[in-house]
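Structure first, commentary second.
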Protein chains: 2
Amino acid sequence: MAKRVVPEADRRRRRPTKQGQVLTHGLIVETALRMLREHGADGLTARRLGLALGADASAVYRYFRGMDDLILAIADELFGHAMADWRPTGDWRADLRDLGLRIHHAYLAHPQAAVLTASRVTGRPNEVASDETILGVLRGAGFPDADAVRIYHAFIDQSLAFAILDAATLALPKAAREGDEEVWRDTYARLPAETHPNIAATAPLLVARMNDSAYRTALDMLLSSAAAQLRAVGA
Amino acid sequence: MAKRVVPEADRRRRRPTKQGQVLTHGLIVETALRMLREHGADGLTARRLGLALGADASAVYRYFRGMDDLILAIADELFGHAMADWRPTGDWRADLRDLGLRIHHAYLAHPQAAVLTASRVTGRPNEVASDETILGVLRGAGFPDADAVRIYHAFIDQSLAFAILDAATLALPKAAREGDEEVWRDTYARLPAETHPNIAATAPLLVARMNDSAYRTALDMLLSSAAAQLRAVGA
DNA sequence: TCCTTATGCCAACGCCATTGACGTTGATCA
DNA sequence: TGATCAACGTCAATGGCGTTGGCATAAGGA
């Protein structure tokens, strides 16, 4: 269970590029992830990816049907990494907590990738396996199907939204590049207290999302709400 | 309070395009929103926007610094629409519920726009006003600042994630165009019960997100959790 | 009436993803 | 050993994209 799926057919003929690099699905995805983290979503283009691989841009198309295909592969790689070697403990709350933190950390490690892939449902092996696992924990805990799905949705939403808004909290490369555009941090900090008293009062708290504790808190709120639901069903 | 902000400086000289159209900030944003809804995120390009306006692509640049600027304007328009004429009732739970549904509906009306704008924090008037309003309701209800911000985050996350995943649930134009790509609906429905028993058992529930009741349920979970928190603080 | 300025239009730039043809390599099998 | 064949890296080209600078023109003020 929760076995990581890696693309196959990577073991036949390998011919090195002009720069001597040997291409594989895995290498391309890794390189793309690195480019995303280092240069942002706009920094990942077929040309630059080819360059980073020491190959021609079009070489990527031997392995992926297009950039879209590559992005789905990146998303699935994230899930595969997050769920690698996971094992249930028998305590559904602990399990869900662990799963949530794993997904959260995977997204945190690649915020740009999170933004890029979050709005996509890949239907790929690792993502589907992750869904299957989460649903299994909930149904195994005794939740009726409808409740299990509802909590599953809330659970996924939580991770997803945190990932996206965390990425937005970071100084986006685009905003930073343009220079004249306000970054979130500054935007909220500079609002006058007369017109926006509530934002002004909480500004430091507002911009401090980017840590585990905020996510942990939200996750715990969800879990205790779910536990209450389960007690209600059991009673 | 919650007054809708529309871009200014739309009242000086207006010269019609060749097709007789008169351009304004508002008209361009409306047209862009329509294109998003009708042709998806990839359907909105400067050239096509210009065409739809009966003008040249470059005409847009007289009103917006670039496509990025336009997208932020679209996002803020959504918030402006959602919060128009909102008034607090004095019951914080009812108020939050109403605000959540308003934002939810605004996103639902333009799923593609939601995906496009969700990962951006605009810092524009309508969005900031919305944040100010939500924080005001929470702080007015008696939540300490740290709790108010935490709940505010969870609240925003909920709307955001629902919007994004709802949009993903829809047959994305890109996937539909390629034809060979599985859409979410089919992906989950077709998984064999042997390998994915939990998904197979809940598949019909899994794909049925696209309605108010799912969001309402999640929202209520959040609100009752918040209420419990408030009681704990008050005691 | 003339001047200023907003603004629409045109042509061009550089970048993008994607594709089809071509050449080269390594594996397979007789 | 040598022929065959599929895999796959490279090249050149295509059409679309956002964006810009220059130019023409119309509206409003004087």
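Worth saying up front: this structure is predicted, and the values here are computed from it rather than measured. Quick note: numbers below take in every heavy atom, side chains included, and nothing from hydrogens, waters or symmetry partners. Throughout, protein chains are lettered first and strands after them, A, B, ... in sequence-line order, and every chain is numbered starting at 1.
Sorted by first and then second residue, the salt bridge (Lys or Arg N to Asp or Glu O under 4.0 Å) pairs involving residues 101-114 of chain B (not counting sequence neighbours) are B/D98-B/R102.
A/L51 has its CG atom 13 Å from the P atom of D/dC11, to the nearest Å. If you take CG of A/D56 and P of C/dG20, they are 16 Å apart, rounded to a whole angstrom. Rounded to a whole Å, the CG atom of B/L27 is 11 Å from the P atom of C/dG8. As rounded to whole Å, 12 Å separates atom C1' of D/dT25 from atom CZ of B/R62. Spacing between atom CG of B/D68 and atom P of D/dG18 amounts to 12 Å, rounded to whole angstrom units.
Checked for salt-bridge contact, A/D69 and A/R124 meet the test: a charged N lies under 4.0 Å from a carboxylate O.
For the side-chain contact (heavy atoms from CB on, under 4.5 Å) test, residues two or more places apart in sequence or in another chain that qualify with B/T45 are B/R47, B/R48. Residues meeting the side-chain contact (heavy atoms from CB on, under 4.5 Å) test with B/S130, sequence neighbours left out: B/F79, B/M83, B/I103, B/I134. Remark: B/F64 engages B/H25 in a ring pair (Phe, Tyr, Trp, His ring centres under 6.0 Å) (not counting sequence neighbours).
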Show me the protein contacts with nucleotides 12-17 of chain C, counting only N or O atoms at under 3.5 Å.
unit_1 : atom_1 : unit_2 : atom_2 : d
C/dA17 : OP1    : A/A46  : N      : 3.1
C/dA17 : OP2    : A/A46  : N      : 2.8
C/dA17 : N7     : A/R47  : NH1    : 3.0

Could you pull out every donor-acceptor pair under 3.5 Å between side chains of residues 197-207 of chain A and any protein atom, sequence neighbours left out?
unit_1 : atom_1 : unit_2 : atom_2 : d
A/N198 : OD1    : B/R139 : NE     : 3.0
A/N198 : OD1    : B/R139 : NH2    : 3.2
A/N198 : ND2    : B/E132 : OE2    : 2.9
A/T202 : OG1    : A/N198 : O      : 2.8

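If you check D/dG9, C/dG20, D/dG21 against the side chain of A/L23, the one that comes closest is D/dG9.
Taking side-chain N and O atoms only, A/Y63 has no distance below 4.0 Å to OP1 or OP2 of D/dA7.
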